[in-house]
Structure formats: structure tokens, C-alpha cells
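Below is one structure, written out as C-alpha cells; the observations come after it.
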Amino acid sequence: MPYQKRIPPVKVDLSIERFNCLVEILTRYETTDNEQIKELATKLKDKLLRYSIPRTTEEQEEFVDVRFYPNEASDIIYILLANVDDIQIETNYYEVLLKVREKQKVINQNND
């Protein structure tokens, strides 16, 4: 059986600045007391530095092609959200979500 190349389906093109920022955030979480986050950050940082692909556009703009499997994308989102503690939440979006879901449920029942 020939070797099959499996490319992660989630693609993100990052500027060099954003790539550096992402790796810096992961580096900072490598020193946290939370073992789960520490392990995730180390694993993701290693993957980013090993498998990310530097690219150049036709206009000579440089960027980094980063690929993730869905579980890795979920881990990155989790870590990034853990990094934003200073946001003032003015609306309870969970309540909005419940109302939207209830409306959608009624619409779906009427269509059946």
C-alpha cells in the first residue's frame, strides 16, 4: 500500500507578525501551573515550528501557511480564549443563543 499524505483540513495563513504572536502566546503558556494548558501549549508550539510553511506571494509578501486538524484548532481556540481575561461582557450572549435556538426549533417544527 502506498504512503498516503494526510494534510490537516484547517488552513490559516498568518502574517509573520501574527505567527510570532501566536507562538509567543504558546511560549508563555508553557510556564503555567495548569498542566493541561502547559502540555497543549508545548505540543502546539512544537507543531507550529516544525510543520508551518513559510510562503511568498507573487507580490513578494511573506506569510506562514499553518495547518491544523480540527482537534488542534479547538485547542488553539481554547488557549487563545484563556488569554483574554480583560474583556468587559455587556450582553449575555448565552441567553441570546437560547432564544435563537428556540425560534429555530419552532421554524423547523412548522416546516415538518
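Remember, predicted model here, so these are calculated numbers, not experimental data.
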Taking C-beta and beyond as the side chain, do Leu44 and Glu72 meet within less than 4.5 Å on heavy atoms?
-> yes

Linked, directly or transitively: Val64 and Leu80 (ILVMFWY side chains, under 4.5 Å) = yes

Can you tell if the side chain of Arg67 reaches within under 4.5 Å of the side chain of Ile7, non-hydrogen atoms only?
-> yes

Got a donor-acceptor contact below 3.5 angstrom from the Thr57 side chain to the Glu59 backbone?
-> yes

Supply the atom-to-atom distance Glu62 CD to Ser15 OG, rounded to the nearest 0.5 angstrom.
-> 11.0 Å

Return the minimal non-hydrogen interatomic distance between Ala73 and Phe68, and the atom names on each side.
-> N-CB, 3.9 Å

Evaluate the side-chain contact (heavy atoms from CB on, under 4.5 Å) criterion for residues Leu40 and Lys43: first the C-alpha distance (whole Å), next the side-chain angles of each, then the deciding distance (0.1 Å), finally the verdict.
-> CA-CA 5 Å; Leu40 279 176; Lys43 181 181 84 171; 4.3 Å; yes

Just how far is it from atom NZ of Lys38 to atom CD1 of Ile79, taken to the nearest 0.5 Å?
-> 13.0 Å

Lys45 and Thr27: side chain to side chain donor-acceptor pair (under 3.5 Å), yes or no, with the steps?
-> CA-CA 7 Å; Lys45 178 184 169 188; Thr27 300; 3.3 Å; yes

Would you say the side chain of Asn34 lies within less than 4.5 Å of the side chain of Tyr29, judging by non-hydrogen atoms?
-> no

Supply the atom-to-atom distance Asp46 CG to Leu26 CG, rounded to the nearest 0.5 angstrom.
-> 10.0 Å

With a 4.0 Å cut-off, would you call Arg28 and Glu24 a salt bridge?
-> yes

Is there a side-chain contact between Arg50 and Lys47, using heavy atoms and a 4.5 Å cut-off?
-> no

Please tell me if the side chains of Phe63 and Ile16 come closer than 4.5 Å, counting only heavy atoms from C-beta onward.
-> no

Tyr69 and Leu14: same hydrophobic cluster, using ILVMFWY side-chain contacts below 4.5 Å?
-> no

Counting heavy atoms not belonging to Tyr51, are there more than 12 under 6.0 Å from its OH?
-> no

Answer whether the closest heavy-atom distance between the side chains of Leu97 and Tyr93 falls below 4.5 Å.
-> no

If Ile, Leu, Val, Met, Phe, Trp and Tyr residues are connected whenever their side-chain heavy atoms lie under 4.5 Å apart, and connections chain through other members, are Ile77 and Phe19 in the same group?
-> no

Could you check if a side-chain atom of Asp13 sits within less than 4.5 angstrom of a side-chain atom of Val66, using non-hydrogen atoms only?
-> no

Hey, what do you get for NZ (Lys99) to NZ (Lys103), rounding to the nearest 0.5 Å?
-> 8.0 Å

Crowded around Glu39 CD? As in, over 12 foreign heavy atoms under 6.0 Å?
-> no

Backbone N/O of Pro70 and side chain of Ser74: donor-acceptor pair under 3.5 Å | no

Can you establish whether the number of heavy atoms outside Asp33 located under 6.0 Å from its atom CG is more than 12?
-> no

Do the non-hydrogen side-chain atoms of Lys11 and Asp65 ever get within less than 4.5 Å of each other?
-> yes

